[in-house]
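Numbers restart at 1 for each chain; the letters A, B, ... are given by sequence-line order, proteins then strands.
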There are 2 protein chains.
Amino acid sequence: MTNNSELDALFQSLADPTRRAILARLAHGSASVTDLFAPFDMALPSFLQHLRKLEDGGLIETTKQGRVRTCTLRVGALAPARGWMEEQRLLWEGRHDRLEDYLATLLQGPDTDG
Amino acid sequence: MTNNSELDALFQSLADPTRRAILARLAHGSASVTDLFAPFDMALPSFLQHLRKLEDGGLIETTKQGRVRTCTLRVGALAPARGWMEEQRLLWEGRHDRLEDYLATLLQGPDTDG
DNA sequence: ACTTTAGTTAGCAATATGACTAACAATTCG
DNA sequence: CGAATTGTTAGTCATATTGCTAACTAAAGT
């Protein structure tokens, strides 16, 4: 079976606007927790949970120096998710002709009114 | 912030192995609920919840004819997720200039490509 | 009509998620 | 030292997720 729990964690990490925003911001460069946190309207511990989730999912790395923890993107982390999506895209688009064929058969059914 | 709840739902839909497997299977062609359900080791109502989630998230379409409900992929549904990931990849790799170019090709849709 | 097939609905339970406050380090600055 | 800064941990709460069973509807088959 394709029981790829890495993809579970990856997509789960991306399924939250706070975490996507963190990633987008980190794309412009590493940043401390406080800097990252600044634009968000939530309590710091809540924010830290998101950071931890990103770290657990391998999307970011963090290192602490003194009191400051610096967060950095792991550049290759999205690759498996992108790979899955690309795989699907190729399959989906490969069957596009059949889809149109199927939709044509649907029109012949009795459910023509909504 | 970019509070894009469409991406929330999309990534959430993909964050489950059952749902990814359904999508992968549907990529090979439309199928009835019973056919789709066959390889899974769970109760049918549990499975139906996944199907409903995929439908609510716009990833599949279903139509019922007689007692049989047929499920079909919505081919363009993954595009926003793919777009976000590609956007991030370009940012992460520091190629901000190519972003606009890529986004332009997205707008043309996959079926305009030869 | 009765049965089988195909799917649906309702309701329950365990766990995960995402938020909060309060209290606690640990480091740095005056 | 004492105080501010930076982050962490613990504990709580509401809701969402994901699974189940049992009972049900609707269409076909015999």
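- Here D/dT18 presents its P atom at 12 Å from CG of B/Leu14, a figure rounded to the nearest Å.
- To the nearest 0.5 Å, the span separating OG1 on A/Thr62 from CG on A/Leu51 amounts to 8.0 Å.
- In this structure, NE2 on A/His28 lies 10.0 Å from CG on A/Leu26, to the nearest 0.5 angstrom.
- The CG atom of B/Leu51 sits 15 Å away from the C1' atom of C/dT9 (whole-angstrom rounding).
- Counting non-hydrogen atoms of other residues, nucleotides and ligands closer than 6.0 Å to CZ of B/Arg69 gives a total above 12.
- Two residues are said to be in side-chain contact when any heavy atoms from C-beta on lie closer than 4.5 Å; B/Leu59 and B/Lys53 fail this criterion.
- Following rounding to the nearest Å, B/Leu48 (CG) and D/dC24 (P) show an atom-to-atom distance of 18 Å.
- Distance B/Arg67 CZ to D/dG29 P: 6 Å, rounded to the nearest Å.
- Residues A/Arg19 and A/Ser13 bring no donor and acceptor atom of their side chains to less than 3.5 Å of each other.
- Between the C1' atom of C/dT8 and the CG atom of B/Leu36 lies a distance of 16 Å, rounded to the nearest Å.
- For B/Arg52, no side-chain nitrogen or oxygen approaches OP1 or OP2 of C/dT8 to under 4.0 Å.
- Proximity of A/Leu10 to A/Trp84: side-chain heavy atoms (C-beta onward) are nowhere separated by under 4.5 Å.
- The distance from atom CD of A/Glu55 to atom C1' of D/dT8 is 13 Å, rounded to the nearest whole Å.
- Spacing between atom CZ of B/Phe40 and atom C1' of D/dT18 amounts to 14 Å, rounded to whole angstrom units.
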Under a 4.0 Å heavy-atom criterion, the protein footprint on nucleotides 13-19 of chain C, written with B, S and -, is ----SBB

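- With rounding to whole Å, A/Asp35 atom CG is found 13 Å from D/dT5 atom C1'.
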